[in-house]
Number of protein chains: 2
Amino acid sequence: MVRANAGGSTAHGSSGPAGGTNVRRRPTLRMVAELAGVSTATVSYVFSGRSGGGSGVAEATAKRVLEAAEQLNYRPNRAARTIRTGRSDTVQLSLHMLSDPWSLAVAAAVNDEANRHGLTTLILADGDWYAALERVESDVAYLDAAVGSDEVRRHLQALAERGQRLVVFSETLEPDGYDVIRSDAIPGCYLAMDHLLERHTAIGCLVAEDAVRAPEHSRYTPYLARMRERGLPVVPEHTATYANTQASAFAAAVALLSRDDRPTAIYATTDFAAIAAINAAHMLGLRVPHDVAVIGVGNTPDAQSIAPTLTTVGPTDFYRRQAEIIVARALDSGATEPRLHEFPWSLVPGGSTDLDAPPRAVRTL
Amino acid sequence: MVRANAGGSTAHGSSGPAGGTNVRRRPTLRMVAELAGVSTATVSYVFSGRSGGGSGVAEATAKRVLEAAEQLNYRPNRAARTIRTGRSDTVQLSLHMLSDPWSLAVAAAVNDEANRHGLTTLILADGDWYAALERVESDVAYLDAAVGSDEVRRHLQALAERGQRLVVFSETLEPDGYDVIRSDAIPGCYLAMDHLLERHTAIGCLVAEDAVRAPEHSRYTPYLARMRERGLPVVPEHTATYANTQASAFAAAVALLSRDDRPTAIYATTDFAAIAAINAAHMLGLRVPHDVAVIGVGNTPDAQSIAPTLTTVGPTDFYRRQAEIIVARALDSGATEPRLHEFPWSLVPGGSTDLDAPPRAVRTL
DNA sequence: TCGACGAGTCGAATCGATTCGACTCGTCCG
DNA sequence: CGGACGAGTCGAATCGATTCGACTCGTCGA
């Protein structure tokens, strides 16, 4: 027991279980302190840049500490810091479908903004909203598409009560200890329908299954409402539903466009479904927008990376601004009250409905 | 100092800084223990399901503890657990571009597998590889596209030495305290070129900027090599470069396909570039594959969600199996030695090169 | 009747950092 | 020459959980 520890280079660790697993332990702040011949407090001050009782750490001391840390290849232990300070420098995201461009855009924007402020992004859950609630634990958590059920409300309240900072995206919830980002899609959906109705009467609808099951306050309603208002027939076969996958949306679009009485325009309740519809049209030899016009909902970045570009509706500059709100809340020291952040929607014109554009950018071949 | 603490319900906190910020503190294990009238050890045993010295906790005691926890809305503090046990139940991912379907597929697959085992996924960095290295700290970290430079090797070694479990995706590194997943794209790229060369001679190349700058062991080489081997002219204008964005790839494809001497086939070094090429072709009124055939590299899920489906090369069932390796390493108790995992590539036929398919799935309209 | 045993519980040390109050010196001013 | 002061440093408590050894009781067998 007299043996000093430290013996880092004794490479003969053969008495281990199954062959020499040389798991050298991670260096700690204490080791750095010992090597530099100072107290742990001093090392901590050096790394956090803060001052002790008096002023800062003397330059010579700091240098010695940094050299020791370098030599040991020391990195502070985040968990230890978190437990002491209560800050995790972490942003959690609960998204409903990572491969949907909307979720992806949110994730990318938040990750970007978070990194800019030294925070790390955690993908909490990809779909399973209720499971996500149980694991919330970070400086701030973002919850996508929070429905306003009492159960959800209770969960959120419980989290907020124990001091968890939350930003929820919801079209129905009100701020209540947490921020609410509201970007009400429904008025935007009416804009989309109005845009199509300028030129079309036979409009098909590509809609998420959930929305058909619970149409109230869903993106399905504007379709039904506008069609009825204009006295246009709502053909049941002109509504096709899709699940949360690209393939599903694609199949639904193919079904819709393969009909002999196919619509001349498609109102898709998400951009990704709209993009699937454009691809489906191309596959079937239909020209967009001349054989079929397509409009999406969400104004996701992907809307710009298809040809023709997608006409869509959505909030402008949404992802970046939302990311700023989330990160600001993470860094906030508690002064500002949680509030409602609203993002109005507008029409974002693209080529997929622009009948006046030349039928195709024809090239001389 | 005689005052018992515990006073949770004194709600008059008005002496606070700016208005009553009622940040009720998060309940701790100790509070649960006090409320249930047991020791912290017992509560801990109840929550972790483990036994103390003897056997388990008595059923009646456990019930009392759980009720107390429920009443306080207690959730264990992860950071505290992490610091004590050394496990973070976390998987970190460093990806080069979150919106690239390859990265996205990796992220989705790992997140899925991780959740299945009670782990959480952390997006470490989206692009900035070296910044990511500094923040590695989790049960296991996955690093995408590790180049074999000495500097990278040193960094990885340092991490491994302090016990960090690592899985790196690299075509050149060898296992050295960390797992290496190798799925050498280059042989696959030759397969892709060979496939095109069966029918085509005028082949264009859509290649990432980086690869052109440093062609050795890049996906550019197979293009150059095969063209030369076949005695085909390498037209400089038939090579277009793109940066790490959809828009950039799209623009490059448009440039390539707008030429009067446009190629009859395009070899794209990633699936996402290939998809951009298909979209570009459609926009320009070109039929795929009849006016121009397109092949991608990577076999990402997106290859299936475009029309025509993308012919590509890649490892099969790669994402899921890779995710399993990563998560297995996170859960591994140190018995298995890090090793090399290889995934051979093969051709994945799709519609984008299939000249024998009917020119278009024509519908009677 | 006594001792062994084991189920159930507890006390206290511990993980690695942060942070507050206290302490040690020079230095400077009166 | 003495005391105040402040820069720089340190010791020790603390965050919230885990976990090991020790302790308390019934119970059962000899």
Side-chain angles (χ1 to χ4, degrees), chain A residues 5 23 25-65 68-69 72-89 137-139 162-164, chain B residues 1 5-6 23 25-65 68-69 72-89 137-139 162-164:
Chain A
N5 70 339
V23 273
R25 280 285 284 272
R26 181 176 173 162
T28 70
L29 185 144
R30 178 187 305 274
M31 298 183 199
V32 176
E34 276 168 15
L35 183 58
V38 297
S39 74
T40 60
T42 301
V43 178
S44 177
Y45 291 141
V46 169
F47 272 86
S48 57
R50 300 277 310 286
S51 61
S55 59
V57 177
E59 204 163 325
T61 314
K63 184 157 168 288
R64 204 147 31 93
V65 168
L72 293 174
N73 190 29
Y74 167 77
R75 295 284 180 288
N77 181 321
R78 282 252 212 158
R81 169 175 301 181
T82 295
I83 196 186
R84 188 64 238 264
T85 63
R87 317 219 49 151
S88 62
D89 294 335
E137 179 173 20
S138 57
D139 285 354
R162 67 167 114 105
Q164 173 67 55
Chain B
M1 276 305 182
N5 69 339
V23 273
R25 280 284 285 272
R26 183 177 171 162
T28 69
L29 185 145
R30 180 187 303 275
M31 299 183 197
V32 176
E34 277 168 13
L35 183 57
V38 298
S39 74
T40 61
T42 301
V43 178
S44 177
Y45 291 139
V46 169
F47 272 86
S48 57
R50 299 277 310 287
S51 60
S55 61
V57 176
E59 205 163 325
T61 314
K63 184 154 167 289
R64 202 147 31 95
V65 168
L72 293 174
N73 191 28
Y74 167 78
R75 295 285 179 287
N77 181 322
R78 283 252 213 160
R81 168 175 301 182
T82 296
I83 196 188
R84 187 66 236 265
T85 62
R87 318 221 48 152
S88 62
D89 294 336
E137 179 173 19
S138 56
D139 285 355
R162 66 166 115 105
Q164 174 66 55

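Letters A, B, ... are given to chains in the order of the sequence lines, protein chains preceding strands, and every chain is numbered from 1.
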Which of B/Leu35, B/Thr42, B/Thr40 passes side chain to side chain contact (heavy atoms under 4.5 Å, CB included) with B/Val38? Answer is B/Thr42
Knowing that exactly one of A/Val57, A/Leu29, A/Val32 qualifies, which makes a side chain to side chain contact (heavy atoms under 4.5 Å, CB included) with A/Ser44? A/Leu29
A/Val43 vs A/Arg30 side-chain heavy atoms within contact, under 4.5 Å: no
Judged by nearest nucleotide, the residue sitting upstream toward the 5' end of DNA chain C, B/Arg84 or A/Pro76, is B/Arg84
Under 4.0 Å, counting only non-hydrogen atoms across every strand here, what does [X] touch: a base, just sugar-phosphate, or nothing?
X: A/Thr61; answer: sugar-phosphate
X: A/Ala41; answer: base
X: B/Val43; answer: nothing

Taking OH from B/Tyr74 and P from D/dG16, how many angstroms apart are they, rounded to a whole number? 10 Å
Provide, to the nearest angstrom, the distance between the CZ atom belonging to A/Arg87 and the P atom belonging to D/dC15. 18 Å
Tell me, please, which residues at least two apart from A/Arg78 pass side-chain hydrogen bond (donor to acceptor under 3.5 Å, both in side chains). A/Thr120
Below 4.0 angstrom from OP1 or OP2 of C/dG16, is there any side-chain N or O of A/Thr28? no
Does a side-chain N or O from B/Thr42 land closer than 4.0 Å to OP1 or OP2 of C/dC10, or not? yes
Let me know, please, whether A/Arg64 or A/Ile83 comes out on the 5' side of the other along DNA chain D by nearest nucleotide. A/Arg64
Complement of D/dA22, any strand, by Watson-Crick or G-U distances under 3.5 angstrom: C/dT9
Counting only side-chain heavy atoms from C-beta out, which of D/dA17, C/dT18, D/dT19 sits nearest to A/Arg81? C/dT18
